Amino acid sequence: MPLLTGAEPFRHEGGDAAVLLCHGFTGSPQSLRPWAEHLAERGLTVSLPLLPGHGTRWQDLGVTGWQDWYAVVDRELRLLRDRCERVFVAGLSMGGALALRLAARHGDAVSGVMVVNPANRVHGVAAHALPVLRHLVPATKGIASDIAMPSSTELGYERVPLHAAHSLRNLFRLVDGELPQVTQPLLLLRSPQDHVVPPADSARILGRVSSTDVTEILLEQSYHVATLDYDAERIFQESTAFIGRLAPGAVKEPGLGKEGTTAGG
């Protein structure tokens, strides 16, 4: 299937410090592209891959699982480590869970973690019925574009395939058990008004990681997809400051990096 316009992955060859960005469930790189471009403009090497099953049609997501999504970001991290001295991982929603798993499993290979409205579990009564329900109902209504800003829209699926949702639930359980292995500096930004991921998910993550350098920031004017919302610039600035503190000299003035590139999946 051809990619939806705007869903292309983003790559930028910058300096010796890199950021790996992970998009959310049923979403695409479009939701994180402004963040990726902001980081690239400041001289950082940036990778924003398209996860399998995303960016085309929801039926394609239904035949993938968390192992497919994680394999892509795991491979990207290894490639960045071969190229760069320091690598930071970041993510939105499910992408936050993927970033946290990378940190838990790769240890010192990850210099820091930045997550926006990270998801930790599938909520609601339906979550408990997923093992059976997924064989009876192919999909349910979508979760994309929870944004306060009227002029902003997320490129995401209008339907959620239940086979993939069941796999997502399994991913969250796995990551939850691995959170104590996360020791890196952590920047967690969350929206109090989030209609997709409740505050309990961030609280659970903050309570289980072993990181001692932890910063929590509230995004008061944004909904779930805060990277495309009113607080987007705050996210960009806070993440740049976070990287600059941990990797002195890595962040440059805008205009000194190379051009970013997009590539189809």
Side-chain angles (χ1 to χ4, degrees), residues 1-12 19 21-42 44 46-51 53-58 60-61 90-96 98-99 114-119 139-160 187-199 201-202 216-243 254-255 257 259-265:
M1 289 294 296
L3 288 182
L4 298 172
T5 302
E8 303 86 2
F10 176 92
R11 299 181 184 89
H12 173 84
V19 182
L21 295 162
C22 310
H23 69 74
F25 184 62
T26 76
S28 76
Q30 177 261 355
S31 62
L32 298 182
R33 189 174 302 274
W35 192 5
E37 292 174 346
H38 174 94
L39 297 169
E41 287 169 359
R42 281 148 184 82
L44 297 161
V46 181
S47 175
L48 170 54
L50 173 67
L51 302 180
H54 293 77
T56 54
R57 56 176 190 162
W58 69 262
D60 295 332
L61 181 58
L92 167 68
S93 195
M94 176 190 76
L98 292 173
M114 304 174 290
V115 291
V116 178
N117 292 322
T140 187
K141 66 179 181 178
I143 56 173
S145 216
D146 183 38
I147 301 173
M149 185 186 297
S151 60
S152 184
T153 303
E154 180 188 18
L155 181 64
Y157 294 148
E158 296 181 354
R159 305 287 290 171
V160 175
L187 173 64
L188 187 149
L189 307 103
R190 66 176 182 88
S191 306
Q193 298 185 76
D194 186 329
H195 305 101
V196 177
V197 174
D201 284 32
S202 287
E216 180 185 15
I217 293 175
L218 297 184
L219 306 173
E220 299 282 3
Q221 301 184 51
S222 301
Y223 293 166
H224 182 63
V225 192
T227 50
L228 297 177
D229 216 331
Y230 290 114
D231 291 296
E233 192 62 32
R234 176 100 189 265
I235 295 170
F236 306 161
Q237 292 174 355
E238 294 288 354
S239 61
T240 302
F242 178 77
I243 294 169
E259 292 297 321
T261 61
T262 58

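Since the structure is predicted, the reported quantities are computational estimates derived from the model, not experimental observations.
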Task: Side-chain donor or acceptor of Tyr157 paired with backbone N/O of Gly55 under 3.5 Å - done: yes

Open item on the list: According to side chain to side chain contact (heavy atoms under 4.5 Å, CB included), who are the partners of Ser202, at least two apart in sequence or on a separate chain?
Closed with: Pro118, Leu188, Arg190

Open item on the list: A side-chain contact here means heavy atoms from C-beta on lying under 4.5 Å apart; do Leu3 and Leu50 qualify?
Closed with: yes

Open item on the list: As an exercise, state the distance from CG of Leu187 to CD1 of Ile235, rounded to the nearest 0.5 Å.
Closed with: 9.5 Å

Task: salt bridge (Lys or Arg N to Asp or Glu O under 4.0 Å): pairs with one or both residues in residues 226-243, sequence neighbours excluded - done: Arg234-Glu238

Open item on the list: Asp194 vs Asp201, test: side chain to side chain contact (heavy atoms under 4.5 Å, CB included). Steps then yes/no.
Closed with: CA-CA 11 Å; Asp194 186 329; Asp201 284 32; over 6 Å; no

- [ ] Can you measure from CD (Glu41) to OG1 (Thr240) and round to the nearest 0.5 angstrom?
- [x] 10.0 Å

- [ ] Step through the shown structure and confirm whether more than 12 heavy atoms of other residues, nucleotides or ligands are within 6.0 Å of CD on Glu216.
- [x] yes

Open item on the list: With heavy-atom distances below 4.5 Å as the criterion, would you say the side chains of Ser93 and Phe25 are in contact?
Closed with: no

- [ ] Could you grab the distance from atom CG of Leu32 to atom CG of Leu48, nearest 0.5 Å is fine?
- [x] 5.5 Å

Open item on the list: Checking the side chain of Gln30 only, and the main-chain atoms of Ala7 only, is there a donor and an acceptor separated by less than 3.5 Å?
Closed with: no

Open item on the list: On a heavy-atom basis, which atom in Gly6 and which in Leu155 lie closest, and how many Å separate them?
Closed with: C-CD2, 3.8 Å

Task: Heavy-atom closest contact (Thr56 atom, Pro2 atom, distance) - done: CG2-O, 3.6 Å

Task: Short side-chain to backbone donor-acceptor contact, Ser31 and Ser28, under 3.5 Å - done: yes

- [ ] Starting at CG of Leu44, measure out to CG of Leu39 and round the result to the nearest 0.5 Å.
- [x] 5.5 Å

Open item on the list: For Gly27 versus Glu154, what's the shortest heavy-atom pair and its separation?
Closed with: CA-OE2, 3.9 Å

TODO: Output the distance between atom CG (Leu21) and atom CG (Leu92), rounded to the nearest 0.5 Å.
DONE: 10.0 Å

- [ ] Examine distances only and state if a side-chain atom of Arg33 and a backbone atom of Glu8 form a donor-acceptor pair shorter than 3.5 Å.
- [x] yes

Task: Beyond-backbone contact of Met114 with Phe242, side-chain heavy atoms, under 4.5 angstrom - done: yes

- [ ] For the pair Asn117 (side chain) and Ser191 (backbone), establish whether a donor and an acceptor sit closer than 3.5 Å, ignoring hydrogens and angles.
- [x] yes

- [ ] Decide yes or no for Val46 and Trp35: does some side-chain heavy atom of the first lie under 4.5 Å from some side-chain heavy atom of the second?
- [x] no

- [ ] Kindly state whether the ring of His224 and the ring of His195 have centres lying under 6.0 angstrom apart.
- [x] no

Task: Side chain proximity check, Leu61 to His54, heavy atoms < 4.5 angstrom - done: yes

TODO: Identify the heavy atoms of Gly91 and Ala99 that sit nearest to each other, and give their distance.
DONE: N-CB, 4.2 Å

TODO: Say whether, by atom type as modelled, one donor and one acceptor occur between the side chain of Ser152 and the main chain of Leu228 under 3.5 angstrom.
DONE: yes

TODO: Nearest 0.5 Å please: distance from the CZ atom of Phe236 over to the CD atom of Glu37.
DONE: 9.0 Å

Open item on the list: Can you give me the closest heavy-atom contact between Ile243 and Val19, atom names plus distance?
Closed with: CD1-CG2, 3.6 Å

